[in-house]
Amino acid sequence: MKVAFITLGCKVNAYESEALKEEFEKHNYLISENIEDSDVIVINTCTVTNEADSKSRKMIRHARKVNNNAVIVVCGCSAEHFKDKLIDLDIDILVGTRNKLKIVELVDNYMKSKNRIVEFDDIKNASFDDMKITHFEDRTRGFVKIQDGCNNFCSYCIIPFVRGNIRSKDIKIALDEINELANNGYKEIVLTGIHTGSYGDGEDYDLTDLIHEASKNPNLKRIRISSIEITELDDKFLNELKNNPKICDHMHVPIQAGSNHVLKLMNRKYNLDEYKNMINKLRSVRPNINITTDLIVGFPEETDEDFEDSLKTAKEIGFSKIHTFPYSLRNGTKASLMKQVDPKIKKSRTKRMLELSDELESAYYKKFIGKTLEVLVEKGNFGLSSNYIKVNLDKECEVNTFVLVKIEKVDGINVYGSVII
């Protein structure tokens with residue numbers, strides 16, 4: 001029996017699909033890259049934007065079109081959000097964001113009965129859905145999901161409604177998984193979650209404790225945090241960042257808006273002064289740290305002045321990359337009831353922010369011309385530095401090894417280096 005996966009969205013979804021692949025393999029399924037000849041097709045959906053929902057539905061229809069005999073399994077955030085609408089599609093098994101590891105059992109049940117299965121759990125007071133991976137297919141970096149859910153309820157975001165409350169993987173279980181991956185040859189571990197920085201909320205440990213303990217494994221060379229909120233960075237973390245060289249020289253810290261007026265409308269939990277002060281603290285500890293961010297353009301009631309403030313703020317902070325998202329209306333959120341920005345204006349603003357992002361990214365990379373960086377080789381002639389610079393190498397190198405690279409040239413946002421060792 002063959003099973004194929006279509007995974008959309010974030011690193012959490014990628015992790016959960018990998019965990020589910022291992023579960024299928026335990027039950028003697030072969031993992032296939034080809035949906036046309038697979039017996040089972042699992043589509044792990046995303047609902048962060050309208051575009052993500054549209055792509056999820058498109059993938060469902062495509063899977064059925066090219067393989068009418070397969071068991072079609074749909075799970076994840078879009079399934080949780082639109083279960084009543086998706087049920088009208090030709091889906092055999094429909095599951096939400098919880099208990100994805102049960103999918104193997106559900107497939108077996110469907111094979112026997114041929115009766116459609118629809119299964120959703122209460123996510124409002126859910127416990128952590130423990131998953132584990134021992135390897136990551138075609139990757140040199142291992143992702144570990146340590147946290148799920150969000151309690152922030154930003155006015156634009158549907159994720160708390162589809163992922164549920166904040167909850168964390170037990171620190172002993174998380175450390176066992178990290179250590180196993182490191183001992184299996186993964187030199188860099190990426191800690192991920194829906195709200196990663198809230199790890200350990202309500203427990204007697206936190207993200208800093210996890211990082212400190214994980215760093216004791218001599219096989220683990222790097223620890224990267226997928227994303228962290230400014231409100232979750234404290235003196236304890238800054239001290240660990242200062243003293244722990246295994247923490248990557250890169251922080252992805254969402255700002256979402258560079259205007260206090262818009263931040264308040266978004267129900268974000270900080271103002272610009274608080275954000276800037278913490279970024280300054282990060283740079284006082286790691287002067288060359290790479291700070292990337294997420295920013296929403298065209299949020300409801302965003303004025304021309306608000307947008308210009310966002311451009312100004314982004315320049316002032318000096319992000320090295322701005323992941324720019326045009327606002328996407330999510331029914332059921334407070335922002336959906338606000339006055340919407342004209343789509344043409346939103347498109348124009350998005351273009352300008354993306355252009356600024358490219359300028360800032362190129363400027364950050366150019367600081368390293370002539371300098372030597374340690375790069376983890378991900379493909380023969382491509383690797384990633386601790387500060388998340390993707391470097392094109394001048395010769396083939398062994399995958400999953402560290403090499404010293406002198407940065408020779410930056411062409412736009414493309415970086416080129418020569419291997420020294």
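Scope of the values below: all heavy atoms of this structure, side chains included, with no hydrogens, waters or symmetry mates.
No donor-acceptor pair under 3.5 Å is formed between the side chain of Asp294 and the backbone N or O of Ile322. The main-chain N or O of Leu191 is found under 3.5 Å from a side-chain atom of Ser226 such that the two form a donor-acceptor pair. At least one donor-acceptor pair closer than 3.5 Å links the side chain of Asn151 to the backbone N or O of Ile166. Using a distance-only test at 3.5 Å, with no hydrogens or angles considered, no donor-acceptor pair links the side chain of Arg64 to the main chain of Leu89. Between the Asn290 side chain and the Asn387 main chain, a donor and an acceptor come within less than 3.5 Å of each other. When atom types are taken as modelled, the side chain of Asn67 and the backbone of Ser38 share a donor-acceptor pair closer than 3.5 angstrom. For the pair Ser284 (side chain) and Lys281 (backbone), a donor-acceptor distance under 3.5 Å is present. Looking only at distances, a side-chain donor or acceptor of Asn277 sits under 3.5 Å from a matching main-chain atom of Asp273. In this structure, Ser155 contributes its side chain and Lys334 its backbone to no donor-acceptor pair below 3.5 Å. A donor-acceptor pair under 3.5 Å is formed between the side chain of Asp129 and the backbone N or O of Asn99.
Using a 4.0 Å cut-off between a side-chain N of Lys or Arg and a carboxylate O of Asp or Glu, Asp39 and Lys2 do not qualify as a salt bridge. Arg349 and Asp306 are not joined by a salt bridge, as no carboxylate oxygen comes within less than 4.0 angstrom of a charged side-chain nitrogen. Salt bridge annotation for Glu105-Lys102: absent, with no cationic side-chain nitrogen under 4.0 angstrom from a carboxylate oxygen. Remark: Lys236 engages Asp206 in a salt bridge, criterion side-chain N to carboxylate O under 4.0 Å. Contact check on Glu355 versus Lys351 returns a salt bridge, with a Lys/Arg side-chain nitrogen under 4.0 Å from an Asp/Glu carboxylate oxygen. Salt-bridge formation is not detected for the pair Arg163/Glu80: no Lys NZ or Arg NE/NH1/NH2 atom is positioned less than 4.0 Å from an Asp or Glu carboxylate oxygen. Taking a cutoff of 4.0 Å between a charged side-chain nitrogen and a carboxylate oxygen, Arg352 and Glu308 qualify as a salt bridge. Residues Arg141 and Glu378 are paired through a salt bridge, judged by an N-O separation under 4.0 Å between the basic side chain and the carboxylate.
Counting only heavy atoms from C-beta outward, the side chains of Asn44 and Lys100 approach each other to under 4.5 Å. With a 4.5 Å cut-off on side-chain heavy atoms, Asn184 and Glu180 count as touching. At a threshold of 4.5 Å between non-hydrogen side-chain atoms, the residues Cys77 and Val48 do not count as touching. Under the 4.5 Å side-chain criterion, counting only non-hydrogen atoms from C-beta, Ile72 is not in contact with Ile93. Contact of the Lys187 side chain with the Leu220 side chain is not registered, since no non-hydrogen atoms from C-beta on lie closer than 4.5 Å.
Counting only N and O atoms by type, the side chains of Asp92 and Tyr110 include a donor and acceptor under 3.5 Å apart. With 3.5 Å as the limit, one finds a donor-acceptor pair spanning the side chains of Thr7 and Ser17. Asn219 and Asn183 share a side-chain donor-acceptor pair at under 3.5 Å. Looking at Ser320 and Glu361, their side chains never bring a donor and an acceptor atom within 3.5 Å of each other. Side chain to side chain, Thr293 and His323 fail the donor-acceptor criterion of an N or O pair below 3.5 Å. Using modelled atom types, one finds a donor on one side chain and an acceptor on the other under 3.5 Å when comparing Asn239 with Asn243. Residues Ser386 and Asp249 have side chains that never bring a donor and an acceptor to within less than 3.5 angstrom of each other.
Figure legend: Lys346 and Phe307 shown without cation-pi pairing, the cationic atom not lying both under 6.0 angstrom from the six-membered ring centre and within 45 degrees of its axis. By the 6.0 Å and 45° rule, Lys169 does not stack over the aromatic ring of Phe128.
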(request) Please assess Met278 against Leu238 for the test side chain to side chain contact (heavy atoms under 4.5 Å, CB included), listing each intermediate value before the final yes or no. (result) CA-CA 10 Å; Met278 184 52 73; Leu238 289 170; 4.2 Å; yes

(message) Evaluate Arg330 against Thr47 for side-chain hydrogen bond (donor to acceptor under 3.5 Å, both in side chains), listing each step before the verdict.
(response) CA-CA 9 Å; Arg330 306 277 73 197; Thr47 193; 3.2 Å; yes

(message) Pair Phe319, Tyr364 - check ring-ring contact (aromatic ring centres under 6.0 Å, His included), show working.
(response) CA-CA 8 Å; Phe319 296 114; Tyr364 177 76; over 10 Å; no

(request) Test Lys269 against Glu274 for salt bridge (Lys or Arg N to Asp or Glu O under 4.0 Å), laying out the working first. (result) CA-CA 10 Å; Lys269 306 300 190 291; Glu274 291 167 336; over 6 Å; no

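Considering Lys246, Lys221, Arg224 as possible partners of Glu188, the one that fulfils the salt bridge (Lys or Arg N to Asp or Glu O under 4.0 Å) test is Arg224. Put simply, the residue from Leu384, Val415, Ile413, Asn414 that forms a side-chain contact (heavy atoms from CB on, under 4.5 Å) with Lys390 is Leu384.
Not less than 6.0 angstrom separates the ring centroid of Tyr15 from the ring centroid of Phe143.
Environment of NZ in Lys276: crowded, with over 12 heavy atoms of neighbouring residues, nucleotides or ligands closer than 6.0 Å. Within 6.0 Å of CD on Glu301 lie more than 12 heavy atoms contributed by other residues, nucleotides or ligands.
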